[in-house]
K.L.:
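Take a look at the following structure, please.
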Amino acid sequence: MTPPLDLSRRQFMTAASVAAAAALLAGCAPGTNPASNAQTLQFWHLLSGGDGVTMSSLLDQVNAAQDAYKIRPTVLAWGTPYYTKLAMAGAGGRAPDVAIMHATRVNGWAPGGLLDDWDLDRLAELGVDESTFPTPIWEKGFVGDRLFSVALDAHPFVLMFNTDVCDAAGVLDSKGALKETSSPEEFLDQLRTVGGATEGHALSYGYLGDGAQMWRLFYGLYAQHGLAMELPVGGKAVIDKDAAVESLLFMQSLLDGEIAAAQNDYGSAIAEFATGKSGMLMTGVWELRTMQNAGIPFDATMIPTLYGTPAVYADSHSFVLPHQANANPVNRDLTYRFVADMLKGSFGWAEAGHIPAFLPVTSSPEYAELVPQAHYAEAADHVVYDPTAWFTGSGSNFQGEFGAAVQGVLLSGDDPAAAIDRFESRVNTLLAQPNPADPEGTWKP
Amino acid sequence: MTTTASATRAIVAAGASDFRPRRAGFQRREQLISWAFLAPFLVAFILFLAWPIAHGIFLSFTNQSLTGAGGAFVGFANYAEALTDPVMWQSMWNTVWFTLLSTVPLVAIALVMAALVDRGLPGQWLWRLSFFMPYLLASTVISQIWVWIFNPQIGAANNILTFFGLEPIAWLQNPDTNMLSIVIATVWWTVGFNFLLYLAAMQNIPSQQYEAASLDGAGAWRQFWSITLPQLGPATVLILLLQILASLKLFDQAYQMLGGVASDTTRSIVQYIYEAGFVSYRFGYSAAISYIFFALIVIVGVAQALVTRRRKEL
């Protein structure tokens, strides 16, 4: 018996391991595309699900429209996993060319040198400047007087309503829009009327175990008092107790088991509205597509202004330039082009529910006809972001801390004032800690 | 055969005539070979265990951040902050509380299950399989299963409660019940391992002892108390030790079942270490907390060693 290959066992093992190592190393080689000489740009983002599908088609669109660059996207799990990996890639000097961050997270990152700022002149050459964004959204991109993030969108917390149910309840005006309410009492009355026309609750609002959901509604209501929380580094949080307690009491009165279920988590609330069992839903705009797929008759609007000042809680998906150890000027230049192309092509992004930040898109006639998106587009002028501090923002612990402090108020009728005190003392503990990205506090914007 | 024997004799004789240098060379060679065999493990041990432990101690004295910033020596500042941090103590207590709540049922229920299977239930293999099966599932899977069971609106747990005319509970969201919910899920998940250890120990008890006891007129209960339980002593000590160490590691099922939400009543010390390092980016602080936790584990380990030594002396 002669083996087909006349090798000794050792020779065979050596040859096999060399082959395996070669295959392994080949996997490390950067991907090259011999067919085109387009420069590959690495782009990281955290958008999956419906948002991810829309983002992919936008990227295909910008890739196809030119041949100077080709975007190679990397999608990572939303929230902490994404931010941890992006920070570590930056710390290792091997960050992507461009990435998406929540605008509210930029403040914790810029001081560590993890991000480079945008060149305003270069952006202006490409038709991107202050005049092409709603003021609060453009301003949110700045840390000090340098621009660190360029918003793709604003994604506010809004009110969706079932048009059949609300029509039957008689709370729609002649144009089919929800009748305006301007005080907590009026809105509660309207909700009670709607409750009479549904088989389930008037309103769906899921909050259990979800600090972000509690914070989104609360901070919108708080800001409607014409106030903003201030969180000065090294100081004490400035929170208006009366406004905070009033907002929490209002949330309590929604969750009385009649207007809205007293115990509802995020998924159950979405399911309740999507199956037509409730009249209204308080939710982020990113659930728009879920409702369209559910096939229910619905429209959307800003959460009514109940305390005088129009204000809508929102965050923005924004483009940032992660700091690279050896930034390639060619890639950097193409990155500016890519971002401008994305902003100009962001009409498709509106289909996912988000309000495009680029004004030429939202002021176009096509957008005016895009319903229900156009019905809450006004929210872009009244967006309110998380208070500025290194520890706040989407996917941070701050919103979780808020939830831990106030859930008892909503779930079991605990004292709102005590809950706000607890939240405040926790925030003060965080304020006493230095920004870990800049522990010595030496960074100046 | 004879040739081999004479050859061996010749080698022995040659060795004897020139004993010392050859023997030393042989030993050196043997030592080298044994080190070569040990090397793969040693490299892994130093790279992934010894070095990280040493580096972690070093980190705990710095303000190193995940973002690459910091790294300056700060002495015992991290430890001082951790020891006065109410969230650290709350998390430490949550871990200890979970260990107390989970260890008792995990040992007691395993014992009962093993006794039932060992003594009488027909179809032993089926029971053995079904009691052990959940243990084979990944923590992500059991978390998903129990999130649905505990769902406040459509979960099975509340269905059962309302069937008996009780009020539904927000199991995982209510701070009064969320730790209990995690304990219930954990017991269901891991009791099979302890069950298996107990069953093996029971099947090792010689049947003559039971035969002798029944000849002397001892009933089933008497036999259980006077033969089975005392014979299970060493197994119980082992199970307790393994269980306490496993419970102290509480993180994944609690983190997953609560969707990563920080709740004051369920945040374990391991979760706080993770949050400090990977959410707040404070590696130095995170390392300091993990060494404080390490101290707790050492105390448990030493207590355990003292108890077992006393048992041996008795």
Side-chain angles (χ1 to χ4, degrees), chain A residues 79-81 83-88 90-93 108-109 111-114 206-212 261-269 271-272 323 390-391 395-397 399-401 403-405 407-408 411-412 414 422 425-426 429-430 432-440 442-443, chain B residues 62-72 74 77-78 81 84-88 90 147-148 150-155 158 167-178 181 255 257-267 271-272 274-286:
Chain A
T80 306
Y83 285 112
T84 306
K85 289 182 182 78
L86 187 60
M88 291 188 101
W109 282 46
L114 285 174
Y207 69 96
L208 281 181
D210 192 337
Q263 306 184 356
N264 228 349
D265 65 359
Y266 188 97
S268 311
E272 192 180 31
H323 181 72
W390 64 264
F391 50 81
S396 71
N397 261 3
Q399 297 179 355
E401 295 288 354
Q407 182 172 276
L411 184 66
S412 33
D414 293 356
R422 225 176 104 212
S425 87
R426 185 71 192 120
T429 310
L430 289 167
Q433 297 171 3
N435 181 349
D438 179 31
E440 274 91 37
T442 46
W443 190 80
Chain B
T62 70
N63 61 0
Q64 179 66 47
S65 157
L66 176 141
T67 64
V74 293
N78 286 328
E81 187 185 336
T84 54
D85 179 351
V87 181
M88 201 288 292
Q90 180 67 44
V147 161
W148 284 109
F150 287 136
N151 183 295
Q153 302 292 322
I154 54 170
N158 277 348
E167 282 291 302
I169 300 174
W171 291 89
L172 286 168
Q173 293 83 15
N174 191 326
D176 297 331
T177 55
N178 53 11
S181 312
Y255 182 79
M257 285 169 69
L258 292 174
V261 175
S263 152
D264 285 353
T265 47
T266 58
R267 183 196 275 118
Q271 180 166 351
Y272 194 50
Y274 160 77
E275 283 175 12
F278 291 94
V279 182
S280 300
Y281 301 159
R282 303 180 67 200
F283 270 0
Y285 188 52
S286 171

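Below, chain A is the first sequence line, B the second, and so on; all start at residue 1. Heavy-atom basis, side chains included; hydrogens, waters and symmetry copies ignored.
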K.L.:
Could you go step by step and tell me if B:Trp171 and A:Leu208 meet the side-chain contact (heavy atoms from CB on, under 4.5 Å) rule?
P.N.:
CA-CA 10 Å; B:Trp171 291 89; A:Leu208 281 181; over 6 Å; no
K.L.:
Write down the atom of A:Pro436, the atom of B:Arg282, and the distance for their closest heavy-atom approach.
P.N.:
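Reported closest heavy-atom pair: CB-CG, 3.7 Å.
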K.L.:
Could you tell me which portion of B:Leu66 (side chain, backbone, both or neither) has an atom closer than 4.5 angstrom to a non-hydrogen atom of chain A?
P.N.:
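Both parts, heavy atoms under 4.5 Å.
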K.L.:
Using side-chain heavy atoms (C-beta onward) and a distance below 4.5 Å, is B:Val87 in contact with A:Arg426?
P.N.:
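With C-beta onward as the side chain, the pair touches.
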K.L.:
Pick from A:Asn264, A:Leu430, A:Leu86, A:Asp265: which one has the most heavy-atom pairs with chain B under 4.5 Å?
P.N.:
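It is A:Asn264.
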K.L.:
Can you tell me how far apart OG (B:Ser280) and CG (A:Asn435) are? Round to the nearest 0.5 Å.
P.N.:
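Reported value, rounded in 0.5 Å steps: 10.5 Å.
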K.L.:
Between A:Ser396 and B:Val279, is there a side-chain heavy-atom distance shorter than 4.5 Å?
P.N.:
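Heavy-atom side-chain distance check fails, nothing below 4.5 Å.
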K.L.:
If I measure from the heavy atoms of chain A, does B:Asn174 come under 4.5 Å with its side chain, its backbone, both, or neither?
P.N.:
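Both backbone and side chain of B:Asn174 come within 4.5 Å of chain A.
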K.L.:
Over all heavy atoms of both residues, which pair between A:Leu411 and B:Ala170 is shortest? Give the atoms and the distance, please.
P.N.:
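Scanning both residues, the minimum pair turns out to be CD1-CB, 4.4 Å.
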K.L.:
Under 4.5 Å heavy-atom distance to chain B, tell me which part of A:Gln433 shows up: side chain, backbone, both or neither.
P.N.:
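It is the side chain, since no backbone atom gets that close.
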K.L.:
Does B:Phe278 offer a backbone N or O that forms a donor-acceptor pair with the side chain of A:Thr84 under 3.5 Å?
P.N.:
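Indeed, once roles are kept as given, a pair shorter than 3.5 Å links the two residues.
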K.L.:
Could A:Arg422 and B:Asp264 be called an ion pair, given the rule that one side-chain N must be under 4.0 Å from one carboxylate O?
P.N.:
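Yes.
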K.L.:
Return the option, out of A:Gly209, A:Gly93, A:Ser412, A:Gly90, with the maximum number of heavy-atom pairs under 4.5 Å with chain B.
P.N.:
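Of the candidates given, the most pairs with chain B belong to A:Gly209.
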K.L.:
Non-hydrogen atoms of chain A under 4.5 Å away: do they reach the side chain of B:Tyr285, the backbone, both or neither?
P.N.:
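B:Tyr285 has no heavy atom closer than 4.5 Å to chain A.
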K.L.:
For the residue pair B:Tyr281 and A:Phe391, establish whether any side-chain heavy-atom pair is separated by less than 4.5 Å.
P.N.:
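Answer no - side chains too far apart.
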K.L.:
At a 4.5 Å cut-off on heavy atoms, which part of B:Pro86 comes close to chain A: side chain, backbone, both, or neither?
P.N.:
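Neither part, no heavy atoms under 4.5 Å.
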K.L.:
Please flag which part of B:Val74 lies under 4.5 Å from any non-hydrogen atom of chain A: side chain, backbone, both or neither.
P.N.:
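Contact with chain A involves no heavy atom of B:Val74 at all.
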K.L.:
Would you find a donor on one side and an acceptor on the other, under 3.5 Å apart, between the side chain of A:Gln407 and the backbone of B:Gln173?
P.N.:
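Yes: the side chain of A:Gln407 pairs with the backbone of B:Gln173.
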K.L.:
How long is the gap from CG on A:Asp438 to CG on B:Asn63, to the nearest 0.5 Å?
P.N.:
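So the CG of A:Asp438 and the CG of B:Asn63 are separated by 10.0 Å.
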K.L.:
Is it the side chain or the backbone of B:Gln64 that comes within 4.5 Å of chain A heavy atoms, both, or neither?
P.N.:
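Contact with chain A involves no heavy atom of B:Gln64 at all.
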K.L.:
Verify side-chain contact (heavy atoms from CB on, under 4.5 Å) between B:Ile154 and A:Ser268, making sure each step is shown before the conclusion.
P.N.:
CA-CA 8 Å; B:Ile154 54 170; A:Ser268 311; 5.6 Å; no
K.L.:
Write down the atom of A:Ala437, the atom of B:Ala69, and the distance for their closest heavy-atom approach.
P.N.:
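For A:Ala437 versus B:Ala69, the nearest heavy atoms are O-CB, 3.0 Å.
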K.L.:
For a quick test of reading the model, state the closest non-hydrogen atom pair linking A:Pro439 to B:Gly70 and the distance between them.
P.N.:
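Looks like CG-CA, 3.6 Å.
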